[in-house]
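Here is the structure we will look at, set down as structure tokens.
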Amino acid sequence: MSMGNEIIPDELEGIADRLGINSLLEISTGDVDSALLSRLPLTFARANYILPLNEVDGVIRVAISSASGLLLLDELRQLYGKPIEAVLVPAPLLADAINHLYAGVFGTAREVLQELQGEDLSTIATELNNPTDLLDLSDEAPVIRLLNSILSEAVKERVSDVHVEPYERDLLVRFRIDGILYEKLSPPKIIQDALISRIKIMAGLNIAEKRLPQDGRIRVLVAGRDVDIRVSIIPTHYGERAVLRLLDKKKGILSLADIGLGEQGVRTLERMLNRTSGIILVTGPTGSGKSTTLYAALNRVNSSEKNIITIEDPIEYQIKGIGQIQVNPKIDLTFASGLRSILRQDPDIIMVGEIRDAETAEIAIQASLTGHLVLSTLHTNDAATAVTRLVDMGIEPFMIASSLSAVVAQRLVRVICPRCREEYRPAEQFPGIVLPEILYRGRGCDACFGLGTLGRTAIYEIMPIDQELCSMIIRRSHAGEIKEYAVAHGMKTLRDDGIARAAAGITTIEEVLRVTQDDYADVPL
């Protein structure tokens, strides 16, 4: 049955038979001729759910999503001057294919650089007031096309951060993919001011101010995907440096089962989240996925029976049913001041984006002791160190012991690309580490852009606070003693969890050792 442009996949073959055409449930990039795409406008393809695929024996195959697409075949015959054969494809699959494939038609950033020769770079386009798909801006000035191409490629290659870095004679653009920075291209130094100015215009920043740091946001559509970009610009000796952090809103909020906790970890954390009071801390360095874990936890406990309020910096995802406050130091809205106000809102659950100082820690602890469940993050290397970090802040040990429910430490590791994963027997040994006989790695392929990895997952150690740990905290026991007790009573360390993931073929042993080396400085890498 067809409704507008939507076809239920299970009925696809039957509909195709009635229309007298073939059906297709998968569109591969390698099966599509980019030369055919370049002749059909993107706006036409999107509006009519139609996509030219390839030419076979002089006949051009075209994907459509409904019977109405058959009415357009005569127009395509005139456009290409050849016979047209239609195949039926589900509308959601066809829409994704159109966005993905057309992203590569308008040229890479390197190709756009060739057009900058001889261009007047002093003219910058006006600000985009509303989200506009970057694929529709291909006819703009070259410097604007360059930034659009950089952002389009960044989204396509799963980039988390784009760095625009000025040096004495060079301008460098680098991409951070799965936590690792890679050099992408080196545009001419002469376009540095123009490129930074364009970024400022899109982020609503002051173009004339070049002496002070500035922060802003850009919201754009890239190949149909709503992308929120946090922009940070700072002045350096050789000009302004920009970092653009990309947040793909299409990915949404993950569940506890999706973030890599494992069955036992999910059960442990859910047990803690079912409590009506106490503090659950998520620890790790910057960029270790702490916010993702907090959002997954909030998503798990969110219900109409609970009043949940957060204070964050920044708010990365909007969650229906939860009150979210953005920190704003300019008006003295800090974590501490915001937390005080939250307590007057009759909350059941409070999420504090980060405990940065003793004042915030004290208010969070008081909130947990007065019948609130508090979730927050702390910058420490492992779970046990979180306790001593709070003590170092000046928090009394008996207050920590009375309020702390659990500490979760985590790191992000790169996932081996499933398309090019291969087995091998490790020849190298590491002191104190028992490696499995078979390990895995990625060779590198088109799917992972030759990196051998595709995406990231988290490794965890979860330390619930029991009576003995409470006693150790009150006695001001060292972090090493606390960790030794927790491991003896069943806690799996970050490295143990990582080695288990490596043995299962999820990540590499080198990746596990890389992200846990701060916790095991005595083990050579």
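Just so you know, these numbers come straight off a predicted model, no measurement behind them.
Counting non-hydrogen atoms of other residues, nucleotides and ligands closer than 6.0 Å to CZ of Arg443 gives a total above 12. In this structure, Glu157 places its CD atom where more than 12 heavy-atom neighbours from other residues, nucleotides or ligands lie under 6.0 Å away. By the neighbour-count criterion of 12 heavy atoms within 6.0 Å, atom CG of Asp446 is sparsely surrounded, having that number or fewer from other residues, nucleotides or ligands.
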Chi angles and distances behind the side chain to side chain donor-acceptor pair (under 3.5 Å) call for Thr236, Arg241: CA-CA 7 Å; Thr236 69; Arg241 178 189 183 113; over 6 Å; no
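Between Leu281 and Leu390, the closest side-chain pair of non-hydrogen atoms falls below 4.5 Å. No side-chain heavy atom of Cys448 sits less than 4.5 Å from a side-chain heavy atom of Arg419. Counting heavy atoms from C-beta on, the side chains of Glu510 and Arg441 never come closer than 4.5 Å. Counting heavy atoms from C-beta outward, Asp348 and Leu373 have side chains that stay 4.5 Å or more apart. When side chains are defined from C-beta on, Ile177 counts as touching Arg158, because their heavy atoms get closer than 4.5 Å.
Taking the side chain to side chain donor-acceptor pair (under 3.5 Å) definition, one finds that Arg475 meets it with nothing, sequence neighbours left out. Remark: Thr268 pairs with Gln264, Arg271, Ile462, Pro464 by the side-chain contact (heavy atoms from CB on, under 4.5 Å) rule, at least two apart or across chains.
A donor-acceptor contact shorter than 3.5 Å is absent between the side chain of Asp170 and the backbone of Leu172. Checking side-chain atoms of Glu461 against main-chain N and O of Asp382 turns up no donor-acceptor pair under 3.5 Å. At distances below 3.5 Å, at least one donor-acceptor pair connects side-chain atoms of Asn307 with backbone N or O atoms of Gln345. When atom types are taken as modelled, the side chain of Gln192 and the backbone of Tyr238 share a donor-acceptor pair closer than 3.5 angstrom.
If you check the side chains of Tyr317 and Glu312, you find no donor sitting under 3.5 Å from an acceptor. For the residue pair Tyr167 / Glu165, a side-chain donor-acceptor distance below 3.5 Å is found, with atom types taken as modelled. For the residue pair Ser477 and Tyr485, no side-chain donor N or O sits within less than 3.5 Å of a side-chain acceptor on the partner. Side-chain atoms of Thr380 and Arg389 form no donor-acceptor pair, as typed in the model, at a separation below 3.5 Å.
In summary, Glu316 and Arg230 engage in a salt bridge, as defined by a charged side-chain N under 4.0 Å from a carboxylate O. A salt bridge links Glu511 and Arg514; the closest N-O separation between the charged side-chain nitrogens and carboxylate oxygens is under 4.0 Å. The existence of a salt bridge linking Glu209 and Arg211 is confirmed by a sub-4.0 Å separation between a basic side-chain nitrogen and an acidic carboxylate oxygen. For Arg245 and Asp161, the salt-bridge test passes: some basic side-chain N is under 4.0 Å from an acidic carboxylate O.
A cation-pi arrangement is not found for Arg356 relative to Phe335, the charged atom failing to lie both closer than 6.0 Å to the ring centre and inside a 45° cone about the ring normal.
Note: Ile280 CD1 to Met351 CE = 12.5 Å, rounded to the nearest 0.5 Å. Here the CD-OG distance, from Glu240 to Ser197, works out to 7.5 Å after rounding to the nearest 0.5 Å. Separation of atoms CD1 (Ile315) and CG (Leu247) is listed at 12.0 Å; rounding is to 0.5 Å.
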